[in-house]
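The chain is numbered in sequence order, starting from 1. Side chains included, hydrogens not; waters and symmetry mates left out as well; all remaining heavy atoms used.
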Amino acid sequence: MITLYSYPVLFGVADNNGYGLKVFAFLRLAGVPFVHRHVFDAAGAPRGQLPYIVDEGETIGDSDTILAHLARRRGVALDAALTAQQRITALLISRLLDDLYWVMSYSRWKDERFWPAFRDALLREHPSLTPAQLQAAREFNAQRYHFQGIGRYEPEAAYARGLADLQALAGLVPEAGYLYGPRPASSDAALYGFLANILFSPIDTPLRRFVAAQPNLVRHCTAIHAAVA
């Protein structure tokens, strides 16, 4: 049995981090049985990052590495029919989501306009957390943002970057079906991981306003959400 370790639920989605929700959705779409363990502390994870899985005693971290492992070890065939060009697109989408991650995280932990609502939502959903723990996490994230670079942006400049990412994704998602046809692939799971964490949040960030105004993104996100519930 596979065990998935990832961050806890929030706003009705199975992981409040895009990468963990990506792996969760991939496993659900593939019909692979697994146990989901929610953790707050990533200190014991490979490279100190969530998500990771334990598959018959083998520990695998990094969402893309996990998906590759599942395809190889478990015979998951979500991407089996992709063309060479579609595989290139899948890689580009994955890298674009890496960029979007930082802006989405910035909107939660750094922007003074939205941080209190995000903090309070975590405290309501997870009473074991304390304001002091979240403040420490916020300070840790501020260091990460600084060294990555997004923390040196003023909010509107940071959001301009994330909105450009979302605009590109909106141009790829069709009005019906999924990214590469009538069946979802790993890219659809990855896209859902981030869109769901933006769309289903009640916090009215510029990212959420953009996603909510794109019928194709809303349709895609809600379709995957229903499929993996």
Side-chain angles (χ1 to χ4, degrees), residues 1-30 32-70 73-74 76 94 97-98 100-110 114-145 147-148 186 189-203 224-225 228-229:
M1 177 68 74
I2 293 169
T3 302
L4 167 63
Y5 294 86
S6 76
Y7 286 109
V9 301
L10 192 67
F11 304 134
V13 297
D15 186 325
N16 73 89
N17 179 278
Y19 296 109
L21 190 58
K22 164 186 169 179
V23 175
F24 171 88
F26 182 88
L27 286 163
R28 288 285 204 199
L29 292 171
V32 177
F34 68 101
V35 175
H36 198 177
R37 304 288 188 206
H38 295 289
V39 295
F40 287 105
D41 187 358
R47 295 182 292 279
Q49 295 178 313
L50 294 172
Y52 69 96
I53 65 168
V54 176
D55 185 3
E56 296 182 355
E58 183 180 0
T59 300
I60 302 100
D62 179 78
S63 62
D64 285 335
T65 305
I66 292 169
L67 268 54
H69 166 88
L70 293 169
R73 174 73 67 83
R74 298 283 175 162
V76 175
S94 178
L97 291 172
D98 287 342
L100 179 61
Y101 162 80
W102 290 102
V103 184
M104 187 180 81
S105 187
Y106 177 109
S107 75
R108 294 176 164 192
W109 293 95
K110 183 172 175 63
F114 307 122
W115 155 246
F118 179 67
R119 176 199 61 209
D120 293 349
L122 280 172
L123 291 171
R124 284 193 303 271
E125 184 82 22
H126 303 288
S128 64
L129 291 173
T130 68
Q133 287 174 320
L134 291 181
Q135 182 59 34
R138 189 183 191 214
E139 293 169 2
F140 173 74
N141 279 323
Q143 292 182 327
R144 295 172 65 232
Y145 302 154
F147 289 117
Q148 188 273 341
S186 64
L191 184 57
Y192 167 74
F194 290 86
L195 291 184
N197 270 295
I198 295 170
L199 180 63
F200 295 132
S201 167
I203 302 171
I224 297 289
H225 189 67
V228 304

I'd like to know if the side chain of Ser107 and the backbone of Met104 have a donor-acceptor N/O pair within less than 3.5 Å.
yes
Would you confirm whether Glu58, through its side chain, and Asp55, through its main-chain N or O, come within 3.5 Å as a donor-acceptor pair?
no
Name the one of Phe118, Trp102, Phe114 that satisfies ring-ring contact (aromatic ring centres under 6.0 Å, His included) with Trp109?
Phe118
To the nearest 0.5 Å, atom CD1 of Ile53 lies from atom OG of Ser63 at 11.0 Å
Could you tell me the separation between the OG atom of Ser201 and the CG atom of Asn16, rounded to the nearest 0.5 Å?
10.0 Å
Test side chain to side chain contact (heavy atoms under 4.5 Å, CB included) applied to Leu70 and Ile2, step by step
CA-CA 10 Å; Leu70 293 169; Ile2 293 169; 3.5 Å; yes
Could you walk me through whether Phe34 and Val54 pass the side chain to side chain contact (heavy atoms under 4.5 Å, CB included) check?
CA-CA 10 Å; Phe34 68 101; Val54 176; over 6 Å; no
Value rounded to 0.5 Å, distance of CD1 in Ile224 from CG in Leu195
10.0 Å
Quick check: do Asn197 and Asn17 have side-chain heavy atoms less than 4.5 Å from each other?
no
What pair of heavy atoms forms the shortest contact from Leu50 to Ser6, and how long is it?
CD1-C, 4.1 Å
Can you check whether Arg47's main-chain N or O pairs, donor with acceptor, with Tyr52's side chain at less than 3.5 Å?
no
Value for OG (Ser186) from CZ (Phe26), rounded to nearest 0.5 Å, stands at 6.0 Å
Does some side-chain heavy atom of Ile203 sit less than 4.5 Å from a side-chain heavy atom of Arg108?
no
Indicate the atoms forming the closest heavy-atom contact of Ala196 with Leu21, along with that distance.
CB-CD2, 3.7 Å
Selection residues 135-144 - residue pairs positive for side chain to side chain donor-acceptor pair (under 3.5 Å), sequence neighbours left out:
Tyr101-Arg144, Glu112-Arg138, Gln135-Glu139, Asn141-Arg144
Considering the options Leu97, Asp98, Asp62, Ile66, which one meets the side chain to side chain contact (heavy atoms under 4.5 Å, CB included) requirement together with Tyr19?
Asp98
Just checking Arg37: does its CZ atom have more than 12 heavy atoms from other residues, nucleotides or ligands closer to it than 6.0 angstrom?
no
Less than 4.5 Å apart, side chain to side chain, heavy atoms only: is that true for Ser105 and Tyr145?
yes
Closest non-hydrogen contact found for Pro51 with Leu4 is CB-CD1, 4.0 Å
Can you tell me which residue pairs pass the salt bridge (charged side-chain N to carboxylate O under 4.0 Å, His left out) test with a partner in residues 118-130, sequence neighbours excluded?
none
Step-by-step side chain to side chain contact (heavy atoms under 4.5 Å, CB included) determination, Tyr192 to Val228:
CA-CA 10 Å; Tyr192 167 74; Val228 304; 4.0 Å; yes
Crowding at CZ, Phe140 (>12 non-hydrogen neighbours, <6.0 Å)
no
Side-chain contact, heavy-atom cut-off 4.5 Å: Thr59 with Tyr5?
no
Considering only residues two or more places apart or on different chains, which pairs with a residue in residues 3-24 satisfy salt bridge (charged side-chain N to carboxylate O under 4.0 Å, His left out)?
Lys22-Asp64
So which atom in Val76 and which in Ala30 form the shortest heavy-atom distance, rounded to 0.1 Å?
CG1-CB, 3.5 Å
Describe, in one word, how the ring planes of Phe40 and His126 are oriented to each other, choosing from parallel (under 30°), tilted (30 to 60°) and perpendicular (over 60°).
perpendicular
On a heavy-atom basis, the closest approach of Tyr7 and His38 is O-ND1, 2.9 Å
Roughly how far, to the nearest 0.5 Å, is the CG atom of Leu29 from the CZ atom of Phe24?
9.5 Å
